[in-house]
K.L.:
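The structure follows.
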Amino acid sequence: MLSWLKPSPLLTESEQQWLLDAFLWAFEHFDADYFRNHSRLVQPSNEFFQGQSSSTEQMAAQVFAQVKAHSGLQNWPIQLLGPGQMPEQQFPLMRFSGALRGEQAHCVEHSHAIFVSYNPQQINQPQDLIASYAQAFARIMIYQRGVLPPGGEAMIGAATEVVASFFGFGVMLSNTVYQFRGGCGKCYNPYANRASELSEQQHVFSLALFCFIKGEKQGTAHLKGHLRSYYKKAHKIISTLANHSPNPMLLSLLSKEQV
């Protein structure tokens, strides 16, 4: 009778299950050891993005290198090209020795470099630029591993965003899911916005999952204000799953002993 007073759920059951499955898929295939021992929650702050630039090209290159390093892909043959310079490219065959990510990852065989470009409109919206690079690197890793996400090829777009969050970029990803809310519109530039297949709620859930697993306490420090209630709900859901999930792999990952 008073169902209208009940708070709406953060996610549907199917949305929540897919995000959990996708995160476990990322953990299984994209260097779990690096995730456990080296991945950090990347914040839009001077701690993670240092230096000054005097041009659009310099800033784009600087952020590219920093996102690449924070993703653990600093030794991958990925190069930046300017807008309009992207050639048609086929994904190269690559073989690694040692780890897949981090300083210990060594690409011992590749036929050619992989090129990434950027949207110059995003230079004045650095969180969009950071998140877009993270998505590009996530897609490259998915294709390199050759393992489809839960739901198959149709879910690759959404899976790139989960993998980017798995890399540690959940704050920027959550902050850049644009839903224009009105106002004068003077600061709104649709051409600079990042394309996102996941909703704000879905991104915040992925962020909270990363933070819970890593024992990260600063998940909301740079999160937009209206997203913090989503984060609180997500953390509560994940806390319950840590005690009652029927999935043993998820229980193990959520265990504080894994942090």
K.L.:
Just checking N37: does its CG atom have more than 12 heavy atoms from other residues, nucleotides or ligands closer to it than 6.0 angstrom?
P.N.:
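More than 12 heavy atoms, drawn from other residues, nucleotides or ligands, come within 6.0 Å of this atom.
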K.L.:
Tell me the closest heavy-atom pair linking V171 and P44, and the distance in Å.
P.N.:
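Looking at all heavy atoms of both residues, the shortest contact is CG1-CD, 4.0 Å.
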K.L.:
Between K68 (side chain only) and W76 (backbone N and O only), is there a donor and an acceptor less than 3.5 Å apart?
P.N.:
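Flag set: sc K68 to bb W76 pair under 3.5 Å.
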K.L.:
Can you check whether M249's main-chain N or O pairs, donor with acceptor, with S252's side chain at less than 3.5 Å?
P.N.:
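Checked: no pair found.
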K.L.:
Can you tell me if Q43 has over 12 outside heavy atoms packed within less than 6.0 Å of its CD?
P.N.:
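Yes, CD of Q43 has more than 12 neighbouring heavy atoms, counting only those of other groups under 6.0 Å.
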K.L.:
Return the CZ to CD1 distance between R139 and I114, rounded to the nearest 0.5 Å.
P.N.:
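One gets 13.0 Å once the value is rounded to the nearest 0.5 Å.
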K.L.:
Which atom names give the shortest non-hydrogen contact between V147 and W25, and what distance separates them?
P.N.:
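That would be O-CZ2, 3.2 Å.
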K.L.:
Would H222 and Q127 count as having a side-chain donor-acceptor pair, cut-off 3.5 Å?
P.N.:
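Their side chains do not contain a donor-acceptor pair, so the 3.5 Å distance test is not met.
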K.L.:
Test your reading of the model: is there a side-chain donor-acceptor pair from R228 to the backbone of L223, 3.5 Å cut-off?
P.N.:
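Yes; judged by distance alone, with no hydrogens or angles, the pair exists.
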K.L.:
Hydrophobic cluster mates of M86, side-chain heavy atoms under 4.5 angstrom, ILVMFWY only, any path?
P.N.:
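Grouped by the 4.5 Å side-chain rule, L81, F115 form the rest of the cluster around M86.
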K.L.:
Ring centroid separation for F210 and F169, is it under 6.0 angstrom?
P.N.:
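So the answer is no for these two rings.
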K.L.:
What are the two closest heavy atoms between A131 and T176, and how far apart are they?
P.N.:
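So the two residues come closest at CB-OG1, 3.9 Å.
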K.L.:
Decide salt bridge (charged side-chain N to carboxylate O under 4.0 Å, His left out) for E161 and R194; before the verdict, give the C-alpha distance in whole Å, the side-chain angles of both, and the deciding distance to 0.1 Å.
P.N.:
CA-CA 11 Å; E161 298 182 62; R194 178 184 69 83; 3.4 Å; yes
K.L.:
Using every non-hydrogen atom in the two residues, find where A113 and Q79 come nearest and quote the distance to one decimal.
P.N.:
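What the structure gives for the nearest pair is CB-NE2, 3.5 Å.
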K.L.:
Check for a donor-acceptor pair, side chain of D21 on one end and backbone N or O of P150 on the other, with a separation under 3.5 Å.
P.N.:
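No, because the side chain of D21 does not come within donor-acceptor range (under 3.5 Å) of the backbone of P150.
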K.L.:
With a 6.0 Å cut-off on the ring centroids, do Y133 and H70 count as close?
P.N.:
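Y133 vs H70: aromatic centres not under 6.0 Å.
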K.L.:
To the closest 0.5 Å, what do you measure between CG (N175) and CE (M172)?
P.N.:
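Separation between the atoms: 8.5 Å.
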K.L.:
Looking at R40, is its backbone amide N or carbonyl O close enough to the side chain of E216 to form a donor-acceptor pair, meaning the two atoms are under 3.5 Å apart?
P.N.:
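Judged by distance alone, no pair lies under 3.5 Å.
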K.L.:
Counting distance only, does the side-chain N/O of Q62 pair as donor-acceptor with the main-chain N or O of Q50 below 3.5 Å?
P.N.:
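Checked: pair present.
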K.L.:
Which heavy atom of S199 sits nearest to which heavy atom of V177, and what is that distance?
P.N.:
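So the minimum-distance heavy-atom pair works out to C-CG1, 4.2 Å.
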K.L.:
Compare all side-chain heavy atoms of V67 with those of F167 and state whether any distance is below 4.5 angstrom.
P.N.:
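No, their side chains stay 4.5 Å or more apart.
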K.L.:
Quick check: closest heavy atoms across N75 and G102, and the distance to 0.1 Å?
P.N.:
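Smallest heavy-atom distance, with atoms named: ND2-O, 3.5 Å.
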K.L.:
Distance from S165 atom OG to L209 atom CG, nearest 0.5 Å?
P.N.:
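Reported to 0.5 Å precision, the distance equals 8.0 Å.
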K.L.:
Using a 6.0 Å cut-off, check whether atom CD of Q85 has over 12 heavy atoms from anything other than its own residue.
P.N.:
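Result for CD/Q85: enclosed.
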K.L.:
Could you state the interatomic distance from CG (L20) to OG (S245), rounded to the nearest 0.5 Å?
P.N.:
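OG of S245 is found 7.5 Å from CG of L20.
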K.L.:
Only counting residues at least two apart or in another chain, list the ones meeting ring pair (Phe, Tyr, Trp, His ring centres under 6.0 Å) with F166.
P.N.:
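Partners of F166 by the ring pair (Phe, Tyr, Trp, His ring centres under 6.0 Å) criterion, ordered by chain and then number, come out as F23, F35.
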